[in-house]
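Okay, so here's the structure we're looking at.
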Amino acid sequence: MKVACPTTLAEAISHKALGFTPVAGATDLWAHWPVRTANHDLSYVDLSGLHELRGIAWSAEHLTLGALTTYWDTMQDSRVNAEFPLLIAAARYVGAIQIQSRGTWAGNIANGSPAADGVPALMALDARVRLVGSNGERTVPLDRFYTGYRATVMGVDELITAILVPRRTYSFTAFEKVGPRRAQAITKVGFAVAHSADGWRVVANSMAATVRRCPSLEAILNASHPNPPAEPDLRAAASKDLAPISDIRSTAEYRTEVFARLLRSTLATMTARP
Amino acid sequence: MLRLEGLSKLTGAERYADDMPLCDFLWGMTVRSQSPRGRIVDIRFDPSVDWSQFTIVTHRDIPGCNEVYLIEKDQPILAATHTRHIHEAVVLLAHPDRQALRRAVGKVKVIVDELPPVFDPRAPLAPEQLQHGTENVFKALEIRKGDAAAALTAAPVVVEGEYATGAQEHVYIEPNAMIAWTDEAGVICVRGSLQCPYYVLNALKHAFAREADGVRVIQTPTGGGFGGKEDYPSIIAVHAALLAHKSGKQVKIIYDRDEDMAATTKRHPSIVRHRTGVTKDGLLLAQDIDIIMDGGAYVTLSPVVLSRGLIHAAGPYSCANVHVRGRAVLTNCIPHGAFRGFGAPQTHFANERHMDRIAAHLGMSPVELRRRNLLKKGQTTSTGQVIRDGVDRCELLDAALDAARYDARRQRHAEFNRAHPYLRRGMGVATFHHGAGFTGSGEDYLASKLAVAARSDGRVEVRSASTEMGQGTLTVFTTIAAEALDIPADRVVVANPDTHLVPNSGPTVASRTAMVVGHLIERACDDMAGQLGAARGLSSAPRGGAFLAALDAWGRENPGRELVGRAQYKKPEYVQWYDKTYQGDAYATFSWGAYVAEVEVDLRTFSTRVTDFVAVQDIGRVLNDTLAAGQVTGGVVQAIGWALMEECVWERGAMKNNQLTNYIIPTSFDVPEINVKFIQSPYAHGGGGAKGVGELPMDGPGPAILNAVADATGADPCELPLTPERLMRLIPSGDAP
Amino acid sequence: MSHDTMHIAFTLNGKAVEIDVLPHERLLDTLRYTLGLTGAKEGCGEGECGACTVHLDGLPVNSCLVPTFQVRGRDVRTVEHLSPALLAPLHECGATQCGACTPGVVMAAAWIRDNSHLLSRFSIRELMAGNLCRCTGYDGIVHGVERLVASEQGAA
């Protein structure tokens with residue numbers, strides 16, 4: 001096993017280009033580490049020494065989360081709490097403090113799990129991912145980041161350096177997570193919903209091979225706005241957008257039914273508001 | 001008294017097996033079968049590995065019998081010719097580098113000619129699936145009282161039901177751990193995480209063909225057991241000892257969590273059918289109960305788990321006609337074994353759910369149905385055992401309902417449920433009992449021994465093989481001895497269980513430690529105090545200050561010596577048990593419980609949250625408030641897990657979700673504060689007046705919670721765990737919020 | 001950049017430490033097997049049970065999920081660093097039974113005590129959800145933390 005501990009982004013990128021696996025919070029990569037002996041033969045590039053990836057920054061247009069920003073960093077930030085309660089709601093349901101203190105938003109994106117809790121919240125806010133590689137920098141909308149199960153558009157030499165979240169006025173946001181218990185659990189059914197002047201966003205996790213936006217649901221929500229769509233329409237749209245599976249954690253039947261019930265109930269809380 | 005070893009645990013100073021500094025030792029690991037059933041035709045060692053660096057043990061290296069010493073000796077220590085379940089141990093490896101060892105384990109392939117396995121204990125058998133006796137039945141048992149068949153025929157109302165429970169993993173937080181070596185005298189020694197030192201000792205004797213003086217077992221601080229370290233550590237101890245014996249070095253085996261969950265025992269899954277005859281006003285006339293337990297691939301403890309399940313199956317109710325039949329059946333699954341409650345939680349679940357369904361059938365309140373049938377003093381259980389002692393069962397029930405504000409809350413729930421779009425609240429009750437100590441003539445057969453030594457340093461040492469695994473043995477034994485002699489607790493020490501130094505006080509199981517072994521402490525103290533009195537020429541056995549003065553004087557005259565008081569189990573005179581007919585006093589006494597659960601079901605997600613829980617029980621005299629309450633809160637939460645979320649997912653008889661990410665136990669955020677109350681009634685034959693407490697709290701929560709879900713939703717759940725996926729199928733889709 | 005062993009320096013329980021570690025070592029392994037600090041326990045190796053909880057730069061982390069090479073230059077505190085006197089409330093309330101989860105529980109509890117302002121936003125039960133306990137049913141732990149926080153506030 002080889003480990004590189006660079007202090008500059010350029011060094012880190014050159015290792016990534018050589019096939020080194022980036023490590024930030026290690027909460028996914030190091031799980032079951034002793035028994036995953038094949039992983040001990042890989043090479044790793046430690047990102048934790050890259051100070052340029054740290055920090056939460058604000059501009060007129062964006063909240064910028066440096067790639068090493070942890071869930072706890074955002075949960076402790078009063079400005080993020082005030083302006084992006086959706087992110088806080090998601091962060092709160094990622095593991096418990098021991099995971100929140102280490103897990104990073106960018107790692108959650110890069111790991112590519114369809115059950116990721118941070119990704120739907122970011123995607124519902126139209127977040128973009130800043131990638132830096134040997135040939136420079138580009139920014140990819142998060143909803144175009146995944147190409148399939150645990151597959152992304154990232155080049156072999158690219159690293160996520162930051163996440164850009166547009167600052168908008170939201171009339172409604174909601175995050176729902178259904179796990180096998182109330183805390184410290186992997187999501188069986190989940191979604192983030194947001195409404196702004198740019199329209200509706202509905203993003204589901206654990207409902208398909210990737211975290212994904214739900215274009216049909218968004219379309220009927222936009223069409224019926226400000227009223228919620230009829231339930232049969234919601235269910236029909238969800239079935240177009242999503243492809244839940246049965247696995248060790250739940251069943252396709254359960255995921256389908258609970259997604260519909262929870263989404264309907266969530267939208268009802270919006271319209272119930274004065 | 002505060003937990004004696006509490007500070008040592010809180011500071012992290014307590015040394016568990018894997019914490020002990022070792023020099024020049026090898027790590028040991030296990031190569032396991034990947035086939036549920038078949039003939040072993042070859043074991044292939046990948047030539048890319050330099051095997052000369054490893055100690056390799058197969059069944060051929062076993063000096064004695066290749067049998068795990070337990071009730072029946074049908075389980076091999078290492079599979080020799082056949083394998084009966086996935087993850088069965090076949091080869092052992094040892095190496096100084098743990099990572100090299102982990103890699104090497106994957107480079108050994110056990111080649112098996114597959115034979116047809118059995119996974120469903122109820123499926124009809126093809127002849128080629130037979131592996132035990134003529135029907136793959138490990139044990140069949142029956143209890144008869146009166147004439148249940150005739151009474152059922154005559155009964156005005158008959159209610160039937162079928163109930164199922166799933167396997168449960170213990171999830172002791174310290175995984176299995178064992179260290180073995182051969183000492184200078186050639187004695188094979190092991191120390192490790194275990195509940196029953198003498199079980200391990202017997203296993204070593206049998207496997208190494210040695211007498212007791214050629215083997216030695218020492219318990220290390222044990223990070224939870226719950227039955228999971230009752231029988232399985234015998235296997236790990238023999239494995240470690242075989243590697244140590246062959247390599248001539250110290251060998252340490254620590255199971256990774258994945259391995260521990262995959263390879264070790266679970267709670268027996270069960271299917272229980274009830275046919276019950278009742279009068280229209282709810283008096284039980286006949287109970288006909290049929291029990292199937294999935295024993296897994298080897299007998300292990302299945303016969304006694306089945307037995308306890310049978311004896312508790314009719315519940316704490318009076319009924320003149322009872323017929324209970326039970327079978328423990330082979331499947332090619334990992335062997336199911338001991339788990340807190342030991343068969344009783346399964347049959348109590350069935351019976352207590354069934355009581356609610358009978359009540360619903362009769363249009364009667366489930367509380368009233370129970371009140372009319374709960375055993376009163378002088379009435380008899382299904383085995384004909386006369387109830388002689390304990391708090392009146394209706395008093396317990398009333399105390400529980402009162403603490404739960406049952407009626408007021410149910411009224412509020414009715415209003416809440418009418419108004420709320422998707423949340424439904426409900427309450428459920430369970431009344432139950434748990435026999436303390438070994439079943440039937442078990443305690444007589446064990447004939448447990450205990451010693452108390454008065455030492456010349458002025459201290460009194462309790463010597464028993466009963467282990468501390470978190471339940472409080474050290475503290476409770478200290479209290480019992482100090483009370484028996486009327487001396488300060490700091491004059492009492494409890495010896496660490498070491499088979500070279502302590503007598504066999506029996507296994508640390510069956511809620512027997514405080515009650516049965518605790519009583520032996522009192523009797524051994526009497527014996528020892530009598531000897532001291534005689535040695536000092538006193539007219540009676542001294543107590544209190546007189547005892548300490550006598551001991552100090554004796555100690556000055558006899559430096560380095562000790563006076564040893566002894567006791568051996570004698571059953572209380574009233575106890576009569578007939579093994580052939582399964583009648584009589586199945587236990588010397590019972591502990592009793594009445595639990596009330598409140599739940600909230602979310603009809604959007606079908607998830608159930610326990611929002612309030614009241615646990616009222618009679619466990620005799622409470623020896624230590626904090627420890628006893630801790631047993632109840634811990635047991636209740638373990639049972640909440642079993643009831644709602646803990647599900648073993650099986651694939652070809654192997655646990656597929658053998659990770660804590662996928663096998664879900666409750667966190668602090670998932671459970672409410674448990675409202676624990678004791679109504680005390682000292683038991684004359686228990687240590688300090690105590691009865692058993694360890695297992696009782698596992699029996700009630702499952703049915704109380706599912707009864708509450710039925711109350712909240714109108715669904716009729718009959719299977720544990722009631723996962724949201726399962727509940728969804730029971731709630732009509734028309735109920736969508 | 002390629003290492004058979006890696007030389008790292010960090011602060012452990014207030015003291016500077018410099019050691020050679022293997023690249024694949026987890027902080028939990030380094031603490032237990034190299035440095036002899038066996039308070040932190042391995043309960044699962046997958047970041048679920050919290051028995052291996054230590055403080056890294058003042059925050060609770062699962063040391064089974066921390067590659068040791070990542071603690072270079074950082075501050076690590078383990079259960080061995082805590083003053084036993086602080087543990088009395090946990091002891092009195094029955095927060096420990098078998099003790100295997102206890103060092104992790106204690107580290108989470110100590111962090112809550114030091115950050116009691118969090119209790120306006122989070123319940124103790126939510127903050128303790130990363131520490132699985134199979135013995136106590138959590139009441140002893142929750143009561144112990146309540147008392148610990150109260151005693152700290154009383155002392156302040």
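Every chain is numbered from 1 and lettered A, B, ... according to where its sequence line falls, protein lines coming before strand lines.
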Heavy-atom pairs under 4.5 Å with chain A, option from B:Asp258, B:Leu644, B:Val649, B:Thr723 with the top count: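 Heavy-atom pair counts peak at B:Asp258.
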Which of B:Glu725, B:Arg257, B:Arg102, B:Glu259 touches chain A most, by non-hydrogen pairs under 4.5 Å: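 Sorted descending by pairs with chain A, the first entry is B:Glu725.
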B:Lys107 charged N/C atom sitting above B:Phe45 aromatic ring, 6.0 Å / 45°: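 Not flagged: B:Lys107 not positioned over aromatic ring of B:Phe45.
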Geometric cation-pi criterion B:Arg32 and B:Tyr255, 6.0 Å radius, 45° cone: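 The answer is yes, since B:Arg32 meets both limits relative to B:Tyr255.
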Tell me, for [X] versus chain A, whether the close heavy atoms (under 4.5 Å) come from the side chain, the backbone, both or neither.
X: B:Ser607; value: neither
X: B:Arg609; value: side chain
X: B:Arg98; value: neither
X: B:Asn657; value: both

Proximity breakdown for [X] and chain B, heavy-atom pairs closer than 4.5 Å:
X: A:Val35; answer: both
X: A:His40; answer: both
X: A:Glu253; answer: both

SB check [X] [Y] (cutoff 4.0 Å):
X: A:Arg249; Y: A:Asp247; result: no
X: A:Asp117; Y: A:Lys177; result: yes
X: A:Glu218; Y: A:Arg213; result: yes

Plane angle bin for A:Trp200 and A:His195 - parallel if under 30°, tilted between 30 and 60°, otherwise perpendicular: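 A:His195 and A:Trp200: tilted rings.
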Residue, of A:Ile186, A:Val189, A:Thr37, that accumulates the most heavy atom pairs under 4.5 Å with chain B: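 The option with the most such pairs is A:Thr37.
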Atom pair CD (B:Glu600) and CG (B:Asp612), whose distance is rounded to the nearest 0.5 Å: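 Spacing of CD (B:Glu600) from CG (B:Asp612) equals 12.0 Å.
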